[in-house]
Protein chains: 2
Amino acid sequence: MAAPEGMFVLEGRPTAQLIADQLRELIVQGAFSPGQQVNESALASQLSTSRGPLREALQRLCQEGILVSKRNRGVFVLELSTQDVKEIYAVREAVELAAANTLLDSDSEQVADTCRELKGIIRNMAKQVAASDWQAIARLDMQFHTAFVSGTGNTRLIRIYETLAAESRMCILSLEVAYPRIDVLVQEHQQILEFLEARDRSGLQQAIKRHMQKAVEDLTASPEATGITA
Amino acid sequence: MAAPEGMFVLEGRPTAQLIADQLRELIVQGAFSPGQQVNESALASQLSTSRGPLREALQRLCQEGILVSKRNRGVFVLELSTQDVKEIYAVREAVELAAANTLLDSDSEQVADTCRELKGIIRNMAKQVAASDWQAIARLDMQFHTAFVSGTGNTRLIRIYETLAAESRMCILSLEVAYPRIDVLVQEHQQILEFLEARDRSGLQQAIKRHMQKAVEDLTASPEATGITA
DNA sequence: TAAGTGTAGATTGTCAACAATACACGATTC
DNA sequence: GAATCGTGTATTGTTGACAATCTACACTTA
């Protein structure tokens with residue numbers, strides 16, 4: 001037999017990770033409000049599993065920082081302050097700058113592959129902008145940046161960025177429809193792509209810095225209108 | 001009552017985190033050999049707890065990447081390849097560069113506090129170098145860099161770096177006594193401290209880059225003599 | 001009325017037993 | 001003799017029950 005391929009390996013990944021991934025997706029989609037307690041029994045039965053595996057998954061998300069655990073109290077979904085927003089985007093900037101440098105140091109084939117993927121994402125983004133599907137836009141926004149970092153092939157950088165992406169989506173979620181002007185959003189991503197294609201290091205670095213700075217400004221501009229705590 | 005202060009809060013932190021911290025320390029001290037399977041029952045009784053809490057702790061360390069979980073097989077201690085070493089130090093460089101920039105953007109008091117701490121660590125390091133206590137040197141080495149990043153106050157950056165520090169100690173552990181020439185090690189840290197005190201941005205950046213580059217060279221120089229896989 | 005106290009309910013923390021899976025070793029067959 | 005098959009053992013995965021803790025609310029008391 002050549003290879004079992006898709007022959008029901010029935011999820012080779014460990015259970016806790018599967019549950020954690022499901023739960024993370026639920027959280028970034030806003031299925032839980034910030035600061036809300038996560039009820040273990042309820043969630044376990046909802047995900048049709050037991051409390052044991054669920055708790056293991058919760059611990060993973062606590063380690064990520066998406067959930068916070070208080071002894072004998074339970075776990076709660078992270079509440080984002082403006083301080084948190086600044087932190088998150090500062091780290092994102094650091095990671096993306098590192099990714100940019102790594103990419104520009106790598107062979108052009110790898111860069112080309114990444115550019116192809118980014119181009120497709122931008123196309124989809126423009127499509128969703130036309131449809132004003134904010135949830136989809138937020139997803140594609142992070143998908144763009146995740147793909148950018150994934151282009152480096154640095155698994156640790158990628159893992160770190162996955163967490164940052166989740167937290168960013170939680171930030172954006174708080175903004176809700178108050179997403180900044182959208183044409184600018186697409187344009188900024190387009191710009192990053194072009195600098196990468198042109199292999200313009202300093203241009204790419206500046207574009208990333210601007211993009212992050214703008215994002216922080218948008219997210220911290222009207223704290224009273226959002227769920228983000230002062 | 002003014003404040004209960006140290007009045008037996010009896011570990012407010014969640015259990016899984018406590019166990020995870022213990023276990024992480026055991027791992028970076030080399031209590032387990034790379035690639036070794038972690039036996040749940042044995043470890044649980046050894047740490048005088050049950051399998052439940054222990055498994056939760058293991059999941060945390062899996063999320064960090066210090067352990068790897070294989071379904072229906074168990075969790076194993078991370079085996080480091082030269083590729084891993086390169087990844088780890090690339091991310092460390094990114095994080096420390098970001099920390100450097102953040103520090104130099106902050107007020108001088110914060111920088112002064114950090115410098116004071118770093119100076120003390122270097123003193124201790126020189127002491128241990130005289131005693132040739134490699135285990136202690138490795139600990140102080142990472143303590144220096146952790147303190148450097150902690151100076152930023154960015155909790156996410158700090159958390160990320162804690163994992164990187166653990167992985168770095170696992171790298172150094174593989175090197176064992178083959179630590180590079182020690183006078184240079186102290187000197188390099190001293191240099192970083194001086195650039196920080198002088199608030200010399202580009203000098204500090206270059207020093208960090210050199211430090212990381214040297215470390216990778218040392219760690220990947222003689223792969224046959226170490227436990228690091230090709 | 002306001003502060004403090006005690007109880008009830010709910011939720012988390014822990015544990016031990018059960019089920020399922022994978023690995024190792026010996027038996028069997030060609 | 002080599003490969004394959006079947007069995008046994010050890011380890012992980014899962015579950016439900018029990019214990020400990022916290023929050024909320026009604027009750028008492030100054």
Side-chain angles (χ1 to χ4, degrees), chain A residues 1-4 7-23 26-27 31-64 66-79, chain B residues 1-2 4 7-23 26-27 31-63 66-79:
Chain A
M1 211 178 294
M7 199 192 187
F8 291 126
V9 187
L10 214 48
E11 298 301 352
R13 289 158 59 190
T15 312
Q17 191 175 342
L18 292 172
I19 299 177
D21 290 341
Q22 278 185 49
L23 203 46
L26 281 176
I27 291 170
F32 302 88
S33 44
Q36 181 186 341
Q37 179 167 10
V38 176
N39 187 313
E40 296 180 359
S41 310
L43 237 181
S45 59
Q46 186 180 328
L47 297 176
S48 55
T49 180
S50 189
R51 277 183 59 211
L54 179 78
R55 281 176 61 93
E56 292 172 13
L58 292 179
Q59 292 302 325
R60 289 184 93 112
L61 298 178
C62 286
Q63 189 66 29
E64 283 190 28
I66 290 175
L67 297 176
V68 289
S69 173
K70 296 175 185 173
R71 180 165 186 107
N72 292 325
R73 294 283 308 280
V75 302
F76 303 79
V77 302
L78 180 64
E79 267 184 302
Chain B
M1 212 178 292
M7 199 188 185
F8 291 127
V9 187
L10 214 49
E11 296 300 351
R13 291 159 58 191
T15 312
Q17 190 176 343
L18 292 173
I19 299 177
D21 290 342
Q22 278 185 49
L23 204 46
L26 281 176
I27 292 170
F32 302 88
S33 44
Q36 179 185 342
Q37 179 167 9
V38 176
N39 187 311
E40 296 180 0
S41 312
L43 237 182
S45 59
Q46 187 180 327
L47 297 177
S48 55
T49 180
S50 187
R51 278 184 59 211
L54 179 78
R55 280 175 63 92
E56 292 172 12
L58 292 179
Q59 292 301 325
R60 286 185 95 112
L61 298 178
C62 285
Q63 188 66 29
I66 289 175
L67 297 176
V68 290
S69 171
K70 296 176 184 173
R71 180 166 184 106
N72 290 325
R73 295 282 309 280
V75 302
F76 302 80
V77 180
L78 179 64
E79 267 183 302

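Order of the sequence lines fixes the chain letters, A, B, ..., with proteins taken first and strands second; residue numbering starts at 1 for each chain.
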Check: A/Asn39 side chain N/O closer than 4.0 Å to the phosphate oxygens (OP1, OP2) of C/dT11?
Finding: yes
Checklist line | Summary of protein contacts for nucleotides 14-19 of chain C, nucleotide by nucleotide, where a base hit scores B, a sugar-phosphate-only hit scores S (4.0 Å, heavy atoms) | finding: BB----
Note to self: Any base atoms under 4.0 Å from B/Val75, or only sugar-phosphate, or nothing? Heavy atoms, all strands.
What the structure shows: nothing
Notebook entry, point to check: In whole Å, what is the span from the CG atom of B/Asn72 to the P atom of C/dT21?
Noted result: 7 Å
Next item on the list: Let me know the distance between CZ of A/Arg73 and P of C/dG13, rounded to the nearest Å.
Entry: 11 Å
Check: Going from CD1 on A/Ile19 to CZ on A/Arg60, what distance comes out if it is rounded to the nearest 0.5 angstrom?
Finding: 10.5 Å
Checklist line | Main-chain N/O of B/Arg73 paired with B/Gln37 side-chain donor or acceptor, under 3.5 Å | finding: yes
Next item on the list: Give a yes or no on whether the backbone of A/Pro14 and the side-chain of A/Gln17 come within a donor-acceptor separation of less than 3.5 Å.
Entry: no
Check: Could you give the CD-to-P distance, from A/Glu40 to D/dG16, as a whole number of Å?
Finding: 15 Å
Notebook entry, point to check: Is a side-chain donor or acceptor of A/Ser48 paired with a backbone partner of A/Ser45 at a separation under 3.5 angstrom?
Noted result: no
Margin query: Whole angstroms only, please: what is the NZ-P distance between B/Lys70 and C/dA20?
Written below: 25 Å
Next item on the list: Determine: side-chain N/O of A/Gln37 to OP1/OP2 of C/dT12, distance under 4.0 Å, yes or no.
Entry: yes
Note to self: Within this structure, what is the CD-OG distance for the pair B/Gln63 and B/Ser69, rounded to the nearest 0.5 Å?
What the structure shows: 11.0 Å
